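Since this is a predicted model, take the numbers as computed values, not measurements. Residue numbers start from 1 in every chain, and the chains themselves are labelled A, B, ... in the order their sequence lines are given, proteins ahead of strands. As a basis for the values below, the full set of heavy atoms in this structure was taken, side chains included, without hydrogen atoms, waters or symmetry mates.
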Protein chains: 2
Amino acid sequence: MTTHLLIGDVARKSGCTPETIRHYERIGLLAKPWRGDNGYRYYTAAAVQQLGFIRRCRALGLELDAIRELIALAGQPEERCESVNELARRHVADLRQRIADLQALADELDASVHRCPGNTIAHCGILESLTPALSDSTPAN
Amino acid sequence: MTTHLLIGDVARKSGCTPETIRHYERIGLLAKPWRGDNGYRYYTAAAVQQLGFIRRCRALGLELDAIRELIALAGQPEERCESVNELARRHVADLRQRIADLQALADELDASVHRCPGNTIAHCGILESLTPALSDSTPAN
DNA sequence: CTTGACCCTGTAACGGTTACAGGGTTGAGG
DNA sequence: CCTCAACCCTGTAACCGTTACAGGGTCAAG
């Protein structure tokens with residue numbers, strides 16, 4: 001056990017690239033591993049675990065700062081997990097908001113596509129819908 | 001007419017900041033305006049129009065490269081507008097895909113939140129769902 | 001002893017802005 | 001005429017999360 005894993009091994013096991021792993025170390029997201037005399041990083045299985053956690057969080061769309069926060073929380077097993085719940089709920093709300101925004105954009109552009117008679121560019125409904133009225137200056141701000 | 005508009009005027013009228021306008025000029029998205037002896041940029045109403053177009057496209061989530069393409073197409077009024085339609089349809093498809101992805105993420109995290117008994121961090125269902133199994137190494141790749 | 005696969009560092013790129021720092025110009029009020 | 005605020009200019013670096021170099025060192029097999 002505690003086999004000396006090189007960064008490439010950890011990369012294969014965790015699904016991150018060596019570059020990403022070094023990056024996470026630089027920004028303080030991943031603990032610095034033991035270094036051999038040759039300067040090589042030698043990892044334990046815990047690092048693979050940690051990176052798996054980060055990867056899963058990233059896959060869920062969490063930002064690195066949020067992940068940092070989660071890692072800090074995970075280090076306090078006695079505490080109540082309200083903060084974790086709160087963070088997760090906030091992220092879900094964020095996602096739902098972004099979904100609604102994208103939905104609105106998609107619908108708007110879709111409508112333009114359907115309105116366009118498919119004529120020449122000079123009469124293209126899509127371009128028209130994108131072009132602001134000529135003498136329209138934002139009146140008050 | 002053709003009043004000499006300073007970059008700040010154009011910014012107010014178009015809704016972009018002066019910094020963004022200079023940026024668009026640098027990357028070749030916006031035509032270089034006439035320059036006075038003092039080095040100031042002097043714009044016509046056409047620039048306001050152009051920037052409004054860009055802003056609307058950005059608001060719809062189009063990338064600058066796509067906008068560049070649209071501007072090029074808009075310069076060929078005789079051509080059929082199939083390319084414009086194609087670009088718009090591709091973008092809508094892109095948006096729908098991103099919506100589906102985000103939806104899946106939101107649902108997954110939401111499920112974790114609801115499954116969590118709200119106990120201590122040591123028993124937090126959310127953190128558990130984020131933590132990969134211990135001896136799980138990506139088997140084949 | 002060479003080859004090739006790995007490791008290291010440090011820096012810059014991607015996209016789309018935004019934010020400086022360090023200067024010059026203009027126009028209105030005193 | 002002087003001063004002050006409000007603008008303009010350029011060039012560079014920051015943001016986010018990676019990825020991709022360049023230019024080197026190390027190691028194990030043949």
Side-chain angles (χ1 to χ4, degrees), chain A residues 3-30 32-43 47 50-51 53-71 91 94-95 98 101-102 105 141, chain B residues 3-30 32-43 47 50-51 53-71 91 94-95 98 101-102 105 141:
Chain A
T3 33
H4 53 301
L5 298 165
L6 291 178
I7 197 170
D9 304 324
V10 176
R12 269 181 294 278
K13 283 182 193 245
S14 70
C16 306
T17 70
E19 259 143 352
T20 302
I21 297 173
R22 283 191 280 258
H23 175 61
Y24 287 165
E25 180 184 330
R26 257 198 305 270
I27 65 173
L29 196 58
L30 186 67
K32 302 195 178 193
W34 184 77
R35 295 282 196 128
D37 290 346
N38 47 15
Y40 285 20
R41 291 165 175 85
Y42 290 105
Y43 294 92
Q50 185 87 308
L51 279 167
F53 178 83
I54 296 173
R55 230 174 86 85
R56 259 160 126 110
C57 292
R58 288 294 298 140
L60 284 170
L62 285 165
E63 295 174 2
L64 292 188
D65 275 351
I67 300 174
R68 209 188 300 272
E69 211 173 320
L70 280 180
I71 290 173
H91 186 57
D94 251 40
L95 288 174
R98 274 158 61 194
D101 292 348
L102 290 181
L105 298 189
N141 193 11
Chain B
T3 33
H4 54 303
L5 298 165
L6 292 178
I7 197 169
D9 304 325
V10 175
R12 269 180 295 276
K13 283 182 194 245
S14 70
C16 305
T17 70
E19 258 142 351
T20 301
I21 296 173
R22 283 190 280 258
H23 175 62
Y24 286 165
E25 180 185 330
R26 258 199 305 270
I27 65 173
L29 196 59
L30 186 66
K32 302 194 179 195
W34 184 76
R35 295 283 195 127
D37 289 346
N38 48 14
Y40 285 18
R41 292 165 175 85
Y42 290 104
Y43 295 92
Q50 185 86 307
L51 279 167
F53 179 83
I54 295 173
R55 230 173 85 85
R56 260 159 123 112
C57 292
R58 287 294 299 141
L60 283 170
L62 284 165
E63 295 174 2
L64 292 187
D65 276 350
I67 299 174
R68 211 188 298 273
E69 211 174 321
L70 280 181
I71 290 173
H91 185 58
D94 252 38
L95 289 174
R98 274 159 60 195
D101 291 348
L102 290 181
L105 298 188
N141 194 8

Quick one: closest heavy-atom pair of [X] and [Y], and the distance?
X: Ile21(A); Y: Cys16(A); answer: CG1-CB, 3.9 Å
X: Arg68(B); Y: Ile27(B); answer: NH1-O, 2.8 Å
X: Gly61(A); Y: Leu105(B); answer: N-CD1, 4.0 Å
X: Pro33(B); Y: Tyr42(B); answer: CB-O, 3.6 Å
X: Cys57(A); Y: Leu70(A); answer: SG-CD1, 4.1 Å

Using OP1 and OP2 only, check whether a side-chain N or O of Thr17(B) sits under 4.0 Å from dT18(C).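 Result: yes.
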According to a strict under-4.0 Å criterion, is Arg22(B) in side-chain N/O contact with OP1 or OP2 of dT10(D)?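 It does not, given that no N or O in the side chain of Arg22(B) lies less than 4.0 Å from OP1 or OP2 of dT10(D).
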Per-nt protein contacts along nucleotides 21-30 of chain D (heavy atom under 4.0 Å; B base, S backbone sugar-phosphate only, - none) come out as B---BBS---
Side chain proximity check, [X] to [Y], heavy atoms < 4.5 angstrom:
X: Asp9(B); Y: Arg12(B); answer: yes
X: Ile54(A); Y: Ile71(A); answer: yes
X: Arg58(B); Y: Leu64(B); answer: yes

From C-beta outward on [X], which listed nucleotide comes closest to its side chain: [options]?
X: Arg41(A); options: dT18(C), dC8(C), dC7(C); value: dC8(C)
X: Arg12(B); options: dT19(D), dC7(D), dG16(C); value: dC7(D)
X: Thr20(A); options: dC7(C), dC8(D), dT18(D); value: dT18(D)

Rounded to the nearest 0.5 Å, what separation is found between the CG atom of Asp94(B) and the CD atom of Glu63(B)?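 Those atoms lie 7.5 Å apart.
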To the nearest 0.5 Å, how far apart are CZ in Arg56(B) and CG in Leu62(B)? 13.0 Å
Nearest-Å distance, [atom1] ([X]) to [atom2] ([N])?
X: Leu51(A); N: dT18(D); atom1: CG; atom2: P; result: 11 Å
X: His4(A); N: dC6(C); atom1: NE2; atom2: P; result: 15 Å
X: Tyr24(B); N: dT18(C); atom1: OH; atom2: C1'; result: 12 Å
X: Leu30(A); N: dT18(D); atom1: CG; atom2: P; result: 13 Å
X: Arg35(B); N: dG24(C); atom1: CZ; atom2: C1'; result: 14 Å
X: Arg26(B); N: dG15(C); atom1: CZ; atom2: P; result: 15 Å
X: Trp34(A); N: dC8(C); atom1: CH2; atom2: P; result: 13 Å
X: Ile67(A); N: dC16(D); atom1: CD1; atom2: C1'; result: 12 Å

Would you mind telling me which residue lines up with the more 5' stretch of DNA chain D, Asp9(B) or Ile27(A), judged by nearest nucleotide?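 With Asp9(B) and Ile27(A) compared, the 5'-side residue is Asp9(B).
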Please give me every residue in residues 58-66 of chain A whose heavy atoms get under 4.0 Å of an atom in DNA chain D, ordered by residue number.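 Listed by number, they are Arg58(A), Glu63(A), Leu64(A).
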Nearest heavy atom decides the nucleotide; on that basis, is His23(B) or Leu6(A) closer to the 5' end of DNA chain C? Leu6(A)
Would a distance-only check, ignoring hydrogens and angles, find a side-chain to backbone donor-acceptor pair under 3.5 Å from Arg55(A) to Gly15(A)?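 Yes, Arg55(A) side chain to Gly15(A) backbone: donor-acceptor pair under 3.5 Å.
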So, the side chain of His91(B) versus the backbone of Leu60(B): is there a donor-acceptor pair under 3.5 Å, distance only? yes
How large an angle, rounded to 10°, do the end axes of the helix from dC1(C)-dG30(D) to dG30(C)-dC1(D) enclose when each is built from five base pairs? 30°
